[in-house]
Amino acid sequence: QVQLVESGGGLVQPGGSLRLSCAASRTIFSMYTMGWYRQAPGKRRELVAAMLSGGTTTYADSVKGRFTISRDNAKNTVYLQMNSLKPEDTAVYYCNAEKAWPKTTYWGQGTQVTVSS
């Protein structure tokens with residue numbers, strides 16, 4: 001069963017924008033913390049943004065003011081709007097769903113975001 005499916009990655013120039021989408025199952029979407037991680041070559045996978053089921057959000061310092069996480073409850077979909085993209089944003093972006101205890105984690109397969117001139 002596919003739990004999370006990302007889309008929206010691609011190649012953009014510095015300063016450009018992309019919107020990533022993550023479609024989740026209804027159960028996961030309603031009961032888990034939804035978020036976005038990214039992993040660049042040679043670096044650890046890092047949290048980019050997350051949204052609790054209640055709507056509380058958090059962002060990595062490196063993307064604050066540029067990225068926005070949002071959700072569409074009717075579509076069971078989480079979005080990551082990425083503006084003012086920089087080359088250092090280049091990474092594979094992964095949708096993530098987590099539950100604290102018992103600890104449960106689901107991952108999407110990733111979508112490539114490349115920011116280059």
Side-chain angles (χ1 to χ4, degrees):
Q1 179 182 357
V2 178
Q3 304 293 336
L4 305 172
V5 180
E6 307 106 326
S7 62
L11 173 65
V12 296
Q13 291 186 307
S17 298
L18 287 173
R19 189 175 78 159
L20 307 183
S21 299
C22 174
S25 71
R26 180 176 297 180
T27 298
I28 291 175
F29 188 79
S30 63
M31 299 182 64
Y32 286 64
T33 297
M34 303 297 301
W36 291 94
Y37 284 71
R38 68 185 181 187
Q39 186 167 26
K43 297 184 178 180
R44 289 179 171 270
R45 187 173 297 186
E46 63 175 348
L47 177 67
V48 176
M51 176 178 284
L52 302 176
S53 60
T56 302
T57 60
T58 186
Y59 296 91
D61 289 340
S62 59
V63 307
K64 287 180 179 178
R66 299 188 298 120
F67 291 9
T68 303
I69 187 171
S70 61
R71 63 195 293 150
D72 185 329
N73 293 330
K75 297 181 179 179
N76 299 323
T77 299
V78 176
Y79 304 95
L80 184 67
Q81 179 66 47
M82 309 165 66
N83 298 326
S84 301
L85 284 162
K86 305 174 180 179
E88 50 263 44
D89 295 318
T90 296
V92 177
Y93 284 70
Y94 297 90
C95 186
N96 167 268
E98 294 186 341
K99 184 171 63 175
W101 193 263
K103 184 174 177 59
T104 307
T105 302
Y106 294 96
W107 292 98
Q109 293 187 2
T111 184
Q112 177 71 46
V113 172
T114 302
V115 185
S116 177
S117 60

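As a basis for the values below, the full set of heavy atoms in this structure was taken, side chains included, without hydrogen atoms, waters or symmetry mates.
- In this structure, the side chains of Tyr79 and Thr68 stay at 4.5 Å or more apart for every pair of heavy atoms.
- The two residues Ala24 and Leu4 come nearest to each other via the heavy atoms CB-CD2, 3.5 Å.
- Atom CG of Asn73 is separated from atom OG of Ser30 by 9.5 Å, given to the nearest 0.5 angstrom.
- Looking at heavy atoms from C-beta onward, Trp107 lies out of side-chain contact with Cys95 at the 4.5 angstrom threshold.
- Checking side-chain atoms of Thr114 against main-chain N and O of Thr90 turns up no donor-acceptor pair under 3.5 Å.
- With side-chain heavy atoms closer than 4.5 Å counting as contact, directly or through intermediates, Leu52 stands alone and belongs to no larger hydrophobic cluster.
- Here the straight-line distance linking atom CG of Leu80 with atom CD of Glu6 works out to 11.0 Å at 0.5 Å rounding.
- Under the 4.5 Å side-chain heavy-atom criterion for Ile, Leu, Val, Met, Phe, Trp and Tyr, Tyr93 and Tyr106 are members of the same hydrophobic cluster.
- Here CD of Gln3 is found 9.0 Å from OG1 of Thr27. Values are rounded to the nearest 0.5 Å.
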Show me, pair by pair, the donor-acceptor contacts under 3.5 angstrom made by side chains of residues 54-63, not counting sequence neighbours?
residue, atom, partner, partner atom, Å
Tyr59, OH, Ile69, N, 2.9
Asp61, OD1, Lys64, NZ, 3.1
Ser62, OG, Arg38, NH2, 3.3

Apply side-chain contact (heavy atoms from CB on, under 4.5 Å) to residues Gln39 and Tyr94 and explain how you reach the verdict. CA-CA 8 Å; Gln39 186 167 26; Tyr94 297 90; 4.3 Å; yes

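- Contact annotation: the side chain of Ile28 never approaches that of Lys99 to less than 4.5 Å [non-hydrogen atoms, C-beta and beyond].
- For Val48 against Tyr37, the heavy-atom pair with the smallest separation is CG2-C, 4.0 Å.
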Which donor-acceptor pairs under 3.5 Å do side chains of residues 9-22 form with protein atoms, sequence neighbours excluded?
residue, atom, partner, partner atom, Å
Ser17, OG, Asn83, OD1, 2.9

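- Put simply, the side chain of Val78 reaches to within 4.5 Å of the side chain of Phe29, judged on heavy atoms.
- Put simply, the side chain of Gln109 never gets that close to the backbone of Val5: no donor and acceptor are under 3.5 Å apart.
- No donor-acceptor distance shorter than 3.5 angstrom exists from the side chain of Glu98 to the backbone of Thr105, with no hydrogens or angles considered.
- Residues Phe67 and Leu85 meet the side-chain proximity criterion, which asks for heavy atoms closer than 4.5 Å.
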